[in-house]
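Notes for the one structure printed next.
Just so we're on the same page: letters track the sequence lines, and every chain starts at 1.
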2 protein chains.
Amino acid sequence: MRYTKDHKLRTRRRIVEQSARGLRTHGAQGVGLADLMRMAGLTHGGFYCHFESRDELVAEAVIYGMDQTVKSWLDRFSQIPPERRCEAIIDDYLTAKHRDNPGKGCVLPALAADIARGGLDVRRAFATGLEQMIDVIAIASPSRAGSSQRETAIAILAMLMGIVSLARACADRELSDEILASGRDAMRRHFVQAH
Amino acid sequence: MRYTKDHKLRTRRRIVEQSARGLRTHGAQGVGLADLMRMAGLTHGGFYCHFESRDELVAEAVIYGMDQTVKSWLDRFSQIPPERRCEAIIDDYLTAKHRDNPGKGCVLPALAADIARGGLDVRRAFATGLEQMIDVIAIASPSRAGSSQRETAIAILAMLMGIVSLARACADRELSDEILASGRDAMRRHFVQAH
DNA sequence: TGTACATCAGTGAACGCGCGTTCACTGATGTAC
DNA sequence: TGTACATCAGTGAACGCGCGTTCACTGATGTAC
């Protein structure tokens with residue numbers, strides 16, 4: 001065996017990282033392998049040293065992207081008292097910065113529709129990642145009579161991704177900003193416990 | 001001029017109708033012109049008698065699809081007393097039937113992400129359609145202190161599309177059903193005024 | 001420690017395919033007489 | 001009313017291009033001696 005095992009693993013990781021970014025930016029079908037490999041500093045020919053197919057890469061990129069988001073949320077939680085966490089997630093997620101940088105942002109608004117049309121492997125990867133996201137958000141969700149934290153977490157995730165999706169699709173900048181602002185207000189009203 | 005003017009217009013309309021369906025099913029980049037024309041009972045060569053480019057068709061299909069949804073909502077409203085309208089929209093939208101038939105369903109969960117990456121024309125078409133959807137939902141939205149009906153309408157739309165998007169992307173049928181059910185419960189709780 | 005060899009991550013040309021678009025042609029039907 | 005012509009919606013072959021995938025090759029580095 002030549003090159004250390006570590007070397008190959010790190011290269012593979014770089015491909016997944018950069019592909020996660022490229023796929024979120026351009027969509028699951030909107031960018032080619034040659035471009036994704038170039039983003040990782042490689043040429044397209046080497047792709048099949050690391051993956052069996054394009055679909056395998058997409059599935060890995062989805063997992064990677066969702067893990068990234070989960071980790072960033074957990075990081076954020078560690079800096080913030082429990083009762084402020086939900087508010088913090090909402091405020092971080094519903095920003096112009098997030099709207100304008102899908103490549104660095106959450107997988108849900110960027111790729112959910114593509115994943116819905118994808119193969120079983122991608123959709124399985126998504127379901128696993130989503131369970132994790134639900135679990136993390138549930139920690140921060142307000143407890144109320146008549147609904148579990150898990151139920152609330154699902155509602156929060158859906159609303160977060162819906163708001164960013166709509167804001168991104170509008171050509172009209174004013175409307176897009178309004179969607180972000182209205183969405184943020186509504187979410188604060190519904191999901192942040194007064195204190 | 002041969003064939004009546006009406007004939008050409010009806011053919012064009014048929015292409016837009018069927019393309020709206022095909023594009024929602026397979027994504028804005030997931031289906032070719034030849035297939036879309038075949039859905040309308042034509043061959044691909046005739047396409048440029050009706051449209052300047054593929055992008056023009058996509059923009060028209062987006063408008064058509066959003067109009068369809070708006071009209072179906074207005075139809076529904078006419079059968080139902082005002083205080084039940086919001087609940088009816090929620091219950092109609094968040095069904096397994098809607099989740100499992102993107103081709104017949106709402107443009108938002110099917111195409112919003114693709115539109116966000118599309119050209120200015122498609123995004124303009126989307127913004128126009130979205131304004132209409134907001135206006136219609138606003139009619140049915142509960143009025144509350146501290147938030148306009150328009151603001152509430154935006155929140156409702158985002159949450160509806162988010163829930164269906166997440167439910168569609170999960171390979172795990174159980175999780176998908178749970179998302180629909182939790183989403184429906186949460187929306188009823190937040191947006192349906194008790195009476 | 002130094003040298004010859006083996007390994008395999010990565011390169012770049014080539015492939016077959018489907019795509020959006022173009023174009024010469026067809027043939028059904030409206031119009032002019 | 002009947003006939004010859006003009007129109008143009010629609011056909012299907014052809015185009016150039018980019019894609020995912022394959023493959024013969026390279027050359028940097030680990031290993032054996």
Pairwise distance CG(L130(B)) to CG(L157(B)) - rounded to 0.5 angstrom: 6.5 Å

Over how many whole Å does the gap from [X] atom [atom1] to [N] atom [atom2] extend?
X      : N       : atom1 : atom2 : result
K8(B)  : dC8(D)  : NZ    : C1'   : 8 Å
L23(A) : dG20(D) : CG    : P     : 10 Å
L33(B) : dG12(D) : CG    : C1'   : 15 Å
F51(B) : dA9(D)  : CZ    : P     : 13 Å
L36(A) : dG20(D) : CG    : C1'   : 12 Å
Q29(A) : dC19(D) : CD    : P     : 13 Å
H44(A) : dA9(C)  : NE2   : P     : 18 Å
Y48(A) : dG20(D) : OH    : C1'   : 5 Å

CD/E52(B): more than 12 non-hydrogen atoms of other groups inside 6.0 Å: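 Check fails, neighbour count at 12 or below.
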
Below 4.0 Å: OP1/OP2 of dG10(C) and any side-chain N or O of T11(A):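 Checking T11(A) against dG10(C): at least one side-chain N or O falls below 4.0 Å of OP1 or OP2.
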
G-U wobble or Watson-Crick pairing nucleotide for dA14(C) (cut-off 3.5 Å, both distances):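 Check on dA14(C): paired to dT21(D), both distances under 3.5 Å.
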
Partner nucleotide of dC5(D) by Watson-Crick or wobble geometry (both distances under 3.5 Å):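 Answer to the pairing question: dG30(C), which forms a Watson-Crick or G-U pair with dC5(D).
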
Out of dG12(C), dG10(D), dT21(C), whichever nucleotide has its closest atom nearest the side chain of T43(A):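 Selected nucleotide (nearest to the side chain): dG12(C).
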
Connected via hydrophobic side-chain network under 4.5 Å: I134(B) and W73(B): yes

L108(A)-Y64(A) co-clustered via ILVMFWY side chain contacts under 4.5 Å: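 Looking at the clustering, Y64(A) is in the same group as L108(A).
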
Under 3.5 Å: donor-acceptor pair, side chain of K8(A), backbone of H50(A):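 Side chain of K8(A) to backbone of H50(A), a donor-acceptor pair under 3.5 Å: no, none is there.
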
Sugar-phosphate, base or nothing in reach of G32(B), heavy atoms under 4.0 Å: sugar-phosphate

Toward the 5' end of DNA chain D, by each residue's nearest nucleotide, M37(B) or D35(A):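 Taking each residue's closest nucleotide, the earlier one in sequence belongs to M37(B).
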
